[in-house]
Amino acid sequence: NGKLLWVNPGVTKITGYSVEECLMMLNYPLDMVHPEDKEQMNVACDQALLERSSQNDYLHRIIRKDGEIRWIAHSWQPIYDEKGDFLGIRSSGRDTTERVLTEKLVKESEEKFRAVAHSANDAIISIDEIGRITFWNQGATKIFGYTEKEVISQSFQMLLPRDFWSTHNRELLYFNHRTKSYETTG
């Protein structure tokens, strides 16, 4: 019948609303959903009830009681009784604001890096932990003569004289060992 039966007390930490306030809401949690996300969230909720489907980490924004906007990863699953009759939907939400904002900053930083790197006259090349080329700019094309398409996923060694290969491999192993050491101890 669409009646909300229970709300985890942790809701207050995420939303600023008390359990009692949530239980009194006519369209919980839709009453808190950001206006720009409300229609899509409403469709997802209707679909979950109609199809009795599950969803994991449906990302949307809410407006807390104090007006702060937070990002929530919402998950839900249908609930059935012992006879297999549909009883309703169990849902939960996690505050993922910090992760979403961090991902946004990383994306913006990567876009700035790429814009600067692609326009640089100097060669800018990135490699992964095993020495494969992962980034190649126009400056590198001018200096080395290879296009980005030709070198991406290739070994960086292709750019080095053969005499330097063993030194490069040794330094790469040393660097990777130090990086892993920091990751496990720091």
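These numbers come from the heavy atoms of this one structure, side chains and all, not from hydrogens, waters or symmetry mates.
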If I take atom [atom1] from residue [X] and atom [atom2] from residue [Y], how far apart are they, to the nearest 0.5 angstrom?
X      : Y      : atom1 : atom2 : value
Leu173 : Glu129 : CG    : CD    : 12.0 Å
Ser54  : Ile89  : OG    : CD1   : 7.5 Å
Glu150 : Phe144 : CD    : CZ    : 13.5 Å

Ignoring hydrogens, what is the shortest heavy-atom contact between [X] and [Y]? Give both atom names and the distance.
X      : Y      : answer
Tyr17  : Arg64  : CE1-C, 4.1 Å
Ala140 : Ile125 : CB-CG1, 4.0 Å
Cys22  : Met32  : SG-CE, 4.1 Å
Ala120 : Ile124 : CB-CD1, 3.9 Å

Go through it in stages, so that I can follow the logic: the residues are Asp57 and Arg94, the test is salt bridge (Lys or Arg N to Asp or Glu O under 4.0 Å), and I'd like the CA-CA distance, side-chain angles, deciding distance and then a yes or no. CA-CA 8 Å; Asp57 295 336; Arg94 290 181 297 110; 2.7 Å; yes
Check whether any side-chain heavy atom of Leu59 sits under 4.5 Å from a side-chain heavy atom of Arg99, and report yes or no. yes
Quick one: are Leu159 and Ile133 in side-chain contact, heavy atoms under 4.5 Å? yes
Does [X] have any ring-ring contact (aromatic ring centres under 6.0 Å, His included) partners at least two apart in sequence or in another chain, and if so, which?
X      : result
Trp76  : Tyr58, His74
His34  : none
Tyr146 : none

Thr97 versus Arg70, side-chain donor and acceptor atoms under 3.5 Å: yes
Looking at residues at least two apart in the chain, or sitting in another chain, which of them share a side chain to side chain contact (heavy atoms under 4.5 Å, CB included) with Ser155? Gln157
Which residues satisfy the side chain to side chain contact (heavy atoms under 4.5 Å, CB included) test with Asn27, sequence neighbours excluded?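 Asn27 satisfies side chain to side chain contact (heavy atoms under 4.5 Å, CB included) with Leu30, Asp31 only.
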Short question: side chain of Asp95, backbone of Ile14 - any donor-acceptor pair under 3.5 Å?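 A pair under 3.5 Å: no.
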Would one find more than 12 heavy atoms of other residues, nucleotides or ligands at under 6.0 Å from atom CD of Gln138?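 Not more than 12 within 6.0 Å, no.
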Heavy-atom count check: over 12 atoms from other residues, nucleotides or ligands less than 6.0 Å from Tyr80 OH? yes
Evaluate the side-chain contact (heavy atoms from CB on, under 4.5 Å) criterion for residues Thr134 and Ile127: first the C-alpha distance (whole Å), next the side-chain angles of each, then the deciding distance (0.1 Å), finally the verdict. CA-CA 5 Å; Thr134 59; Ile127 63 172; 5.5 Å; no
Considering only distance and modelled atom types, tabulate donor-acceptor pairs under 3.5 Å from the side chains of residues 106-116, sequence neighbours left out.
none

